Amino acid sequence: MTDWTAFDRPEVRAGFAATAGESCQVLIALDGIHCSACAARAERLLAGQAESVSVNLAARTLSFRFKPQQKPLSVLLRALDEAGLQPRVLAREDAGAREVRERRRAFARIGVATICAMQVMMLAWPSYFGVQPEPAIAQLLRWAQLVVAAPGVLWAGWPFFEGAWRAARGRALDMNGPVALALAIAFGASAWRTVAGSGDLYFDSATMFVWFLAVGRYLESRTRARAGEHLRLLAGRRALTAQRRVATGLETVAIGQLRPGDVAVVAPGDAVPADGVLLEQPLELDESLLTGESQAVLRHPGEPVLAGAINVGAAPLALQVGRCGADTVLAQITQLMNRAHICKPRLQQIADRIAGHFVAAVLLLAGLGYALALHRGASQDAALGIVLAVLVASCPCALSLAVPAALAAATSRLARSGVLVANAGALQALAAIDTVLFDKTGTLTRTEMKLQRVIPLAGLDEQSCTAIAAALEHGSRHPIATAFAGIAAAAADELRQAAGAGVSGRVDGQHYWLGAAEHAPCPVRLPETQPGETLVVLCGAERALACFVLSANLRPEVPALVEELERRRLSLELQSGDAPATVQALAQRLGIERYAARQTPQAKLQRLQQLQAGGGRVLAIGDGVNDAPLLAAADVSAAMPHGAALAQSRADLLLLGDSLAPVTLALDVSHAVQRRIRENLLWALGYNLLVLPLAMSGHLPPWLAAAGMSLSSVVVVANALRLDAVVPRRAPTPALAVVEQR
Amino acid sequence: MPSLYLLIPLGVVVVFAAIAIFLWAASSGQFDGLEDLSKRMPDDDA
């Protein structure tokens, strides 16, 4: 059973609990919750011991408040643990808590606006039907409207006043300006007329206007929250305590106390606390949040393990700590995503500026409409109605939402597939590229060799041959050995390495030799190979047993990717620092016509500039380490940086999944974003231009203007959300093509 | 009609009572996770 007492320590608690006075609020993940019955059980368990217990079944979390002086957290956690609910304390997320508070507040504003709008209409109905109550009753109804409308306009509409005030103080104009002005005019004029006891009232329009706007804002904020979801999940994966192995056994320490070189133990189901190297035994890890790979991956001893991965194996995981705290890949991803969320792409800056000018124009036009209406001899009431309609209808909310809504949706879509957008502007540039420049080593190819096929030569089956070879190569640092890594092998003894030739040794009492075909101690009939493939021969005592064909360690997804890029009529180029023969073999195998070998980073950069000078827009794909200048100079850059290289990477798109396959998805999303943004801007501008003349000429009542404006914002956001459903386009597979022919 | 002098203010008071109840409900998280409710089974013990 886990030792939960570490969570009682104040310094550990500071890492996860939000303290308010004597009580602490905590968020616990309950992996053992599967149904509503479990949820009810968890709530019953804590009843009487903690306050405001609430289970979120979808997220499998439990939050509650408790008083540390009265009831230590460890007691509550042990109770949950003993009930089989597998509690896991989640890191405190200030942002998350704030978002919840803001969402509740926004929802409350909608509710209040609803109640007030309905009641004001009830009180205003005599005037709708031209009923003339006796003067005292009419005045009472006016006052009642004022009192009921006050919370509906002033409290529910407060964010608009606040936003306008903030913008005005910064000497800027945003869409809150016209809204606040319209609300102030409508409410102020009506209140004045209530006191004066004569004239039309706009309380009903004002409250309804707030209601429409509040609903629009609420929908918009939900969209934004969805975009931030991935970030919140990442932050939640931060482990808070770790089990450190010491001479006497295990001790629980706060995460900050872990140091490089320590050996940490991670129980099944727990998150890895730091980056490091796996020890002792192979284990399955869930790295989906870090890489987008939804399947659990099997890691072998000696392989790197990242903080935030979940141990989904059956046994505890031992880990030699390498990097901890802010140095971990997880921390860097979080930091990068935060940065990407903060920086505004250029197009959005332009849209904001246009919106600012637009607001100024709307204010002027509203004034103009008022003057014109009075000049035409309209009543004061009708003129005021025109001002309100112009202010409300042409407020450019949709215009300022058009770009950010689309980019936010696209970023969250890509993050789910393991593509981190470090620079949101790159998403738009990506749609315009015509050339893709590949780096070879570490990008198209891996540093390891891959066992392509086994050709048995003398009766012995493939499996035993491979096992013998693996035994001979076990522990070797030769590149050939990487092809046999991860294959279960018997122990070999009398291992002797002959430099450049091969390795010999004894497995199960028999002598074997493994090495390059030309050095084989016995005659071998060699099979045909393709360029870029390497042959290795296994020999027994007197004859050759098998041939192993090792491939030029190409990433498995690359041929399909190259084909797909060519299908999209992108021109491909391979720039490599490798030997000409290797580069040529690879380029021919992939069908890339333009390639260059023995290129220095300087030469690659020159080639890039040459392409750009010729009007080309280049996507550079590299490993993010040796080609930093190339990536920085390209129009768009994508890289697969690992570990510490992540934070320094200047690439616009970071492929976290150690695979190039998401490049296609990124291209699709970038085209989709471009379309969505164009549609959104067109819609927003078109709507405003259409509605402005109607409002100016008095054909649009203020309440209809409010509905139209909110609707246009919702259309823009909903259109952006369609990006969430983008799936990579692929050429039909042959099997599918056959079915279609039939 | 004189009853209106009582009923209209009374109506306003009821509106404010409704607002107060709604605000309390929203701030105590009763409207959080609305999609969750449909998946939960009725709690007979409570």
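This is a predicted model, so every value here is computed, not measured. Quick note: numbers below take in every heavy atom, side chains included, and nothing from hydrogens, waters or symmetry partners.
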query = Near Met121(A) CE, under 6.0 Å, is it more than 12 heavy atoms from other residues, nucleotides or ligands?
reply =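 Result for CE/Met121(A): enclosed.
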Determine whether more than 12 heavy atoms belonging to other residues, nucleotides or ligands lie under 6.0 Å from atom CZ of Arg105(A).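 Counting other residues, nucleotides and ligands, CZ of Arg105(A) stays at 12 neighbours or fewer.
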What part of Ala47(A) lies closer than 4.5 angstrom to a heavy atom of chain B: side chain, backbone, both or neither?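 For Ala47(A), there is no contact with chain B at all, as no heavy atom is under 4.5 Å.
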| task | Measure distances from Pro133(A) to the heavy atoms of chain B and classify the residue's part below 4.5 Å as side chain, backbone, both or neither. | result |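 For Pro133(A), there is no contact with chain B at all, as no heavy atom is under 4.5 Å.
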Heavy-atom proximity to chain A below 4.5 Å, by part of Tyr5(B)
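Tyr5(B) touches chain A through backbone and side-chain heavy atoms alike.
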(Q) Can you tell me which portion of Leu4(B) sits under 4.5 Å from chain A's heavy atoms? Options are side chain, backbone, both or neither. (A)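 Both parts, heavy atoms under 4.5 Å.
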To the nearest 0.5 Å, tell me how far [X] [atom1] sits from [Y] [atom2].
| X | Y | atom1 | atom2 | result |
| --- | --- | --- | --- | --- |
| Gln119(A) | Ile19(B) | CD | CD1 | 8.5 Å |
| Leu140(A) | Leu7(B) | CG | CG | 10.0 Å |
| Leu23(B) | Arg104(A) | CG | CZ | 13.0 Å |
| Ile115(A) | Phe16(B) | CD1 | CZ | 10.5 Å |

| task | Please report the shortest heavy-atom distance between Phe31(B) and Phe107(A), naming the atom on each side. | result |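 The answer is CG-CE2, 3.3 Å.
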Which of the residues Val147(A), Leu123(A), Thr114(A) is involved in the greatest number of heavy-atom pairs with chain B at under 4.5 angstrom?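 That would be Val147(A).
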